[in-house]
Student: 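Before we start, here is the structure in question, set down as structure tokens.
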Amino acid sequence: MNQIKQPIAIGINARLFPINWRPATEEIAFAQRLGCACIQIHGREGGIDATYLGASPEAIGEILARHAMRAVMEIVVRLLPDGRTQSGATPLDILSANLPAIDALAIRHVHWHFAPAIPLSREELRTLENRLIDHLCAGVNLARTYGFTLALEHNEPDVPLFADIGSITTALEAVPELGFVWDLNHTPPDQLGDWLDLAPRMTLLHVSDTPLPAVNHHLPLGQGSIDFAARFRDLTARGYRGAAILEIGGVPKSGGFGRDTDEALIDSVARLKTALSA
């Protein structure tokens, strides 16, 4: 009997961070053993290379293809009020710097995750969001040329740049080809319905747990209170058919980083599979 393919593919965040760096080859092998179909790799301001990955992007791309896995890319961009990073780069500069790796890794989904580099006033944040619309348009045009989808991830309310439903809706309406990355861990329960309504524009999910109504704790699944089975039922009913990337590990508000151990990921993947099949 043929196995029924889940409409939502499962993936993990590659642990290529300074505190727990592993070669990308090991992370891919680990993800494959867990039955994952994809892996998330973070872009960097100057692009990514063999030093960052542990092997050349071309070699990693060949390994992914051999294992029938795909990579997605998140690019975190910390911005000043003028829409540039502290080194002076624009979001488009950073996207362009990562194009060689995007091509070598055969990445077909990239998303920007914007965050303020310094504390900004409410007026500065709204001005920056408006300024970034042009960057999103240019980014989508570049993505179309190179054959991948570009999306925008939202923030939790305590990081008030593209954090509310209004600012995200404005961006999606202004840039019709832009995708949306929904982080279930960023969404207060009283706003859930509004975010679920964006399912037709969602191109990727980030999954971790949090003790609701508190958000953004990035806990292993089962250590918070999100009802993942209900979330996925609602999403698939609305037509979502993308991937779900586990982004566990913890942030300072939940006691710090380092919770993305092998054991935690094994357990979270199992819980995620159960939630998807519920």
Side-chain angles (χ1 to χ4, degrees), residues 11-20 40 42-43 72-79 111-122 125-126 128-129 132 151-169 171 179-199 202-232 234-235 242-261 264-265 267-269 271-272 275:
I12 64 170
N13 199 29
R15 291 165 290 183
L16 301 172
F17 309 110
I19 62 169
N20 59 350
Q40 178 172 277
H42 281 250
V72 300
M73 179 177 283
E74 174 175 9
I75 304 177
V76 178
V77 186
R78 294 178 173 84
L79 295 168
H111 71 276
W112 272 328
H113 187 170
F114 298 129
I118 59 174
L120 301 178
S121 68
R122 183 177 180 83
L125 288 163
R126 299 295 81 76
L128 179 56
E129 287 172 347
L132 287 170
L152 172 65
E153 181 178 354
H154 68 127
N155 285 300
E156 61 146 319
D158 285 348
V159 184
L161 179 67
F162 286 119
D164 63 83
I165 193 74
S167 62
I168 290 294
T169 300
F180 172 56
V181 175
W182 186 38
D183 192 322
L184 280 67
N185 169 80
H186 287 175
T187 303
D190 61 344
Q191 300 176 17
L192 181 60
D194 291 336
W195 294 100
L196 282 169
D197 287 343
L198 294 179
M202 292 178 190
T203 51
L204 192 72
L205 302 174
H206 280 170
V207 181
S208 58
D209 216 339
T210 192
L212 296 171
V215 296
N216 202 33
H217 282 238
H218 285 279
L219 295 170
L221 273 58
Q223 294 187 18
S225 55
I226 294 179
D227 184 343
F228 291 102
R231 297 287 187 279
F232 293 128
D234 288 338
L235 286 165
I245 303 293
L246 280 167
E247 264 200 348
I248 68 173
V251 294
K253 66 168 63 177
S254 62
F257 299 99
R259 300 190 184 193
D260 50 351
T261 62
L265 283 164
D267 184 67
S268 288
V269 167
R271 290 173 181 269
L272 185 50

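It should be emphasised that the depicted structure is a prediction, and the values quoted were computed from it without experimental measurement.
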Student: Distance-only, no hydrogens or angles: does the Ser254 side chain make a donor-acceptor pair with backbone N or O of Val251 under 3.5 Å?
Tutor: yes

Student: What are the two closest non-hydrogen atoms of Arg15 and Thr261, and how far apart are they?
Tutor: NH1-C, 3.6 Å

Student: About how many Å separate CZ of Phe114 and CG of Leu132, when rounded to the nearest 0.5 Å?
Tutor: 5.0 Å

Student: Measuring only between side-chain heavy atoms, which start at C-beta, is Thr210 closer than 4.5 Å to Asn216?
Tutor: no

Student: Any salt bridge (Lys or Arg N to Asp or Glu O under 4.0 Å) pairs touching residues 202-219, not counting sequence neighbours?
Tutor: none

Student: Once the angle between the rings of Phe17 and His42 is folded into 0 to 90°, is it parallel (under 30°), tilted (30 to 60°) or perpendicular (over 60°)?
Tutor: perpendicular

Student: Does Phe257 have any ring pair (Phe, Tyr, Trp, His ring centres under 6.0 Å) partners at least two apart in sequence or in another chain, and if so, which?
Tutor: none

Student: Can a donor-acceptor pair be found, under 3.5 Å and without considering hydrogens, that links the side chain of Asp183 to the backbone of His154?
Tutor: no

Student: For the atom pair CD (Glu153) and CZ (Phe180), what is the distance rounded to the nearest 0.5 Å?
Tutor: 8.0 Å

Student: Please name the pair of heavy atoms, one in Val159 and one in Pro116, separated by the smallest distance, quoted to 0.1 Å.
Tutor: CG1-CD, 3.8 Å

Student: Could you report the tightest heavy-atom contact between Ser208 and Ile248, atom names first, then the distance?
Tutor: CB-CG2, 3.9 Å

Student: Could you tell me whether the side chain of Ser268 and the main chain of Leu221 form a donor-acceptor pair under 3.5 Å?
Tutor: yes

Student: Any chance you could measure Leu219, atom CG, to Arg259, atom CZ, to the nearest 0.5 Å?
Tutor: 5.5 Å

Student: Is the shortest side-chain heavy-atom distance between Glu74 and Val181 below 4.5 Å?
Tutor: no

Student: Within the 4.5 Å heavy-atom criterion, are Pro160 and Arg122 side-chain neighbours or not?
Tutor: no

Student: Rounded to the nearest 0.5 Å, how far apart are CG of Asp164 and CD of Glu129?
Tutor: 6.5 Å

Student: Can you find a heavy atom in the side chain of Leu198 that is under 4.5 Å from one in the side chain of Ile165?
Tutor: yes

Student: With a 6.0 Å cut-off (strictly less than), is the heavy-atom count around CZ of Arg126, excluding the residue itself, greater than 12?
Tutor: yes

Student: Does the distance from a Lys or Arg side-chain N to an Asp or Glu carboxylate O, for Arg231 and Asp227, drop under 4.0 Å?
Tutor: no

Student: Can you name the nearest heavy-atom pair linking Thr203 to Ala151, along with the distance?
Tutor: OG1-CB, 3.4 Å

Student: Quick one: are Asp190 and Pro213 in side-chain contact, heavy atoms under 4.5 Å?
Tutor: no

Student: Hey, does the side chain of Arg271 reach the backbone of Phe228 with a donor-acceptor pair shorter than 3.5 angstrom?
Tutor: no

Student: Mind checking the CZ-CG spacing from Phe232 to Leu272? Nearest 0.5 Å is all I need.
Tutor: 5.0 Å

Student: Can you tell me which residue among Asn13, Leu205, Val207, Leu184 is in a side-chain contact (heavy atoms from CB on, under 4.5 Å) with Glu247?
Tutor: Asn13

Student: If you measure from CG on Leu125 to CZ on Phe162, what distance do you get to the nearest 0.5 Å?
Tutor: 10.5 Å

Student: Ile19 and Gly258: which non-hydrogen atoms are nearest, and at how many Å?
Tutor: CD1-N, 4.3 Å

Student: When you measure from the side chain of Asn155 to the backbone of Leu161, do you find a donor-acceptor pair of N or O atoms at a distance under 3.5 Å?
Tutor: yes

Student: Can you tell me which residue among His218, His113, His186, His111 is in a ring-ring contact (aromatic ring centres under 6.0 Å, His included) with His206?
Tutor: His111

Student: Treating Ser225 as the side-chain partner and Leu212 as the backbone partner, does any N or O pair qualify as donor plus acceptor under 3.5 Å?
Tutor: yes

